[in-house]
S.K.: 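This is the structure I have questions about; it appears just below.
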Amino acid sequence: MNISGFIEHSKPDISSLEKEAIIEVMGKGIFTTGQYVRKMEKKLLKYLGFESGISTLSGSAAIQLALHVLDIKPGDEVIIPVYICDSVWHAVRAAGGIPVPIDCDNNSCNISIELIMSRISKKTRAILVADTMGYPFDVLELKKHTDIPIIEDACQALGSYIYGKHVGSFAEFCVLSFNSTKMITGGTGGFLAFSNKKNYIKAKSIYNANDGKISKSVKYSFAMTDLQAAIILAQLDRLDYFLKRRLEITSKYDSALQEIGLERYKHGKCDIYNNYRYLFPIHTQNVQTILDRAKSMRIKIKRPIEPLYKFHKELNEKDYANTQKFYDTHLSIPLYPSLTNYEVDFIIKKFNSLLVE
Ligand SMILES: *Cc1c(COP(=O)(O)O)cnc(C)c1O
């Protein structure tokens with residue numbers, strides 16, 4: 001931040017490593033899908049402890065690919081959280097499915113298992129759950145109740161662990177995103193991991209329409225480029241540092257909040273949290289006041305996610321009371337590795353005047 005500058009809500013951390021990686025790839029002359037993509041996939045799979053995966057143009061493309069692997073037909077229903085990026089709704093529609101959005105658990109930002117079970121019908125072909133804001137969803141618990149394939153949207157959760165394993169380990173499919181606001185970025189980019197070899201083989205045969213192979217099934221143009229992969233590779237090398245820096249900032253915020261008698265949002269089951277977001281507790285009446293105050297202090301504070309009923313008129317806010325309550329009582333403050341110590345201290349100094357009348 002310079003003196004006149006604004007502290008952004010999120011910002012990628014780009015070093016000379018990423019810049020050198022781009023120059024290296026450009027020097028090869030060809031930078032569609034090639035050796036950098038393969039190298040990145042190998043490294044990422046090793047980090048996650050997963051067997052197989054395919055990199056894609058975006059997280060949304062990875063979701064659509066998972067649904068094509070499941071052979072979603074028009075009229076098939078796909079359960080999704082209502083408290084999630086709108087692109088997930090559109091990925092389901094693009095695959096030909098009908099999205100069925102479900103409310104959060106009480107006092108949680110993750111989808112409710114009880115409500116999922118109450119909405120499963122004969123037409124339900126897949127359940128998409130999300131590790132919202134990096135907080136693990138309990139896939140093992142859901143699996144006690146149903147055999148329907150689970151797509152775990154871990155787009156915000158790279159680096160989070162549950163039951164001793166990386167999130168995504170217990171679902172049929174795990175989705176990651178490398179969009180510019182995520183844990184690591186390639187500008188855009190996504191990844192689909194598989195717990196089942198057959199699903200992997202099917203995905204491999206349809207994700208790249210340019211692969212020069214004969215196929216009876218429709219193929220898609222979802223392949224990542226070497227240019228994206230080279231940036232992501234450099235970011236992966238820095239992931240441990242990113243996680244450490246996020247934790248450091250979170251700890252500073254925690255002590256400062258404690259001094260004014262407040263506490264951030266804490267999640268139920270979670271072995272390691274990636275510190276993707278820092279959620280401020282607030283009272284409903286204060287939201288706009290706090291947003292205005294933050295703006296005048298030149299700090300970007302945000303409501304972390306806009307629920308799907310804000311975009312789709314056919315959904316009724318009244319059916320999603322838990323989500324609305326969470327939305328109304330939590331704001332997200334800047335938390336990212338490129339935040340300087342000066343900026344962190346500046347934000348902390350404003351805690352009191354931001355949050356206390
Ligand atoms: C970012 C995000 C997506 C979409 O990923 P893109 O790479 O932007 O397509 C989907 N779900 C969640 C939870 C996300 O955070």
Side-chain angles (χ1 to χ4, degrees), residues 9-12 37 40 44 53-68 78-95 97 99 101-104 108-111 126-137 139 150-160 162 166-168 171 173-193 207 220-225 227-229 231-232 235 246 267 273-279 302-308 310-312 323 326-327 330 332 335-336:
H9 178 260
S10 54
K11 196 166 72 179
V37 170
M40 191 280 282
L44 185 60
I54 291 174
S55 36
T56 56
L57 281 177
S58 68
S60 311
I63 292 171
Q64 199 184 324
L65 180 59
L67 293 171
H68 289 311
V78 179
I79 285 178
I80 62 174
V82 80
Y83 196 39
I84 201 161
C85 315
D86 194 28
S87 61
V88 172
W89 167 285
H90 289 284
V92 173
R93 299 282 287 119
I102 303 287
D103 201 3
C104 293
S108 163
C109 53
N110 278 342
I111 186 169
I127 303 171
L128 184 141
V129 300
D131 307 302
T132 316
M133 289 175 270
Y135 294 107
F137 171 86
V139 172
I150 298 172
I151 302 168
E152 184 167 357
D153 178 341
C155 287
Q156 307 181 339
L158 181 61
S160 285
I162 183 169
H166 195 279
V167 291
F173 301 88
C174 171
V175 177
L176 295 175
S177 165
F178 309 113
N179 196 324
S180 61
T181 61
K182 306 298 155 88
M183 293 296 287
I184 60 174
T185 186
T188 66
F191 192 73
L192 183 63
Y207 88 108
Y220 301 86
S221 296
F222 286 161
M224 180 186 278
T225 70
L227 206 47
Q228 283 172 297
I231 303 169
I232 297 164
Q235 291 258 296
R246 283 178 177 274
H267 195 69
Y273 179 48
N274 65 0
N275 292 294
Y276 179 66
R277 288 281 182 256
Y278 195 95
L279 298 180
K302 269 180 67 171
R303 295 187 189 255
I305 298 171
E306 294 296 315
L308 293 178
K310 306 269 180 194
F311 300 98
H312 303 281
T323 299
F326 196 91
Y327 177 83
H330 294 86
S332 172
L335 173 58
Y336 44 90

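Hydrogens, waters and symmetry mates play no part in the numbers below; they use all other heavy atoms, side chains included. Keep in mind that this is a model prediction, so the values were computed, not measured. All ligand and atom numbering here is 1-based and tracks the order in the structure.
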S.K.: Establish, from distance only, whether the side-chain atoms of Thr188 and Gln228 form a donor-acceptor pair under 3.5 Å.
M.R.: yes
S.K.: Quiz question: by atom type and distance under 3.5 Å, do the side chains of His68 and Tyr220 form a donor-acceptor pair?
M.R.: yes
S.K.: Going by heavy atoms, is Ala61 under 4.0 Å from ligand 1?
M.R.: no
S.K.: What protein heavy atom sits nearest atom 8 (O) of ligand 1, and how far away is it?
M.R.: Asn179 ND2, 2.7 Å
S.K.: Side chains of Gln156 and Tyr135 only: does a donor on one sit below 3.5 Å from an acceptor on the other?
M.R.: no
S.K.: Identify the protein heavy atom lying closest to atom 9 (O) of ligand 1, giving its residue, its atom name and the separation to 0.1 Å.
M.R.: Ser60 OG, 2.5 Å
S.K.: Please could you name the atoms of ligand 1 that Ser58 approaches to less than 4.0 Å, counting only its heavy atoms?
M.R.: 7 (O), 9 (O)
S.K.: Examine ligand 1 and decide if any of its atoms is less than 4.0 Å from a heavy atom belonging to Cys85.
M.R.: yes
S.K.: Under the criterion side-chain contact (heavy atoms from CB on, under 4.5 Å), which of Asp153, Ile63, Leu308 is the partner of Ile80?
M.R.: Leu308
S.K.: Hey, does Val88 sit under 4.0 Å from ligand 1 if you only count heavy atoms?
M.R.: yes
S.K.: Any N or O on Gly59 sitting closer than 3.5 Å to an N or O of ligand 1?
M.R.: yes
S.K.: Where do Gly134 and Ser160 come nearest, in terms of heavy atoms and distance?
M.R.: O-OG, 2.7 Å
S.K.: Can you list the atoms of ligand 1 that are under 4.0 Å from a heavy atom of Gly189?
M.R.: 7 (O)
S.K.: Looking at Val92 and Pro99, what are the two nearest heavy atoms and their distance?
M.R.: CG1-N, 3.7 Å
S.K.: Would you say Ser87 contacts ligand 1, with heavy atoms under 4.0 Å as the rule?
M.R.: yes
S.K.: Any idea which heavy atoms bring Met224 and Val37 closest together, and the distance?
M.R.: O-CG2, 3.6 Å
S.K.: Give the atoms of ligand 1, by number and element, whose distance to some non-hydrogen atom of Asp153 is under 4.0 Å.
M.R.: 10 (C), 11 (N), 12 (C), 13 (C)
S.K.: Got a second to check how far Ser87's OG is from Phe311's CZ, nearest 0.5 Å?
M.R.: 9.5 Å
S.K.: Closest non-hydrogen protein atom to atom 5 (O) of ligand 1, residue and atom name please, with distance?
M.R.: Ser177 OG, 3.4 Å
S.K.: Just need the protein heavy atom nearest to atom 2 (C) of ligand 1, so name the residue and atom and give the distance.
M.R.: Lys182 NZ, 2.6 Å
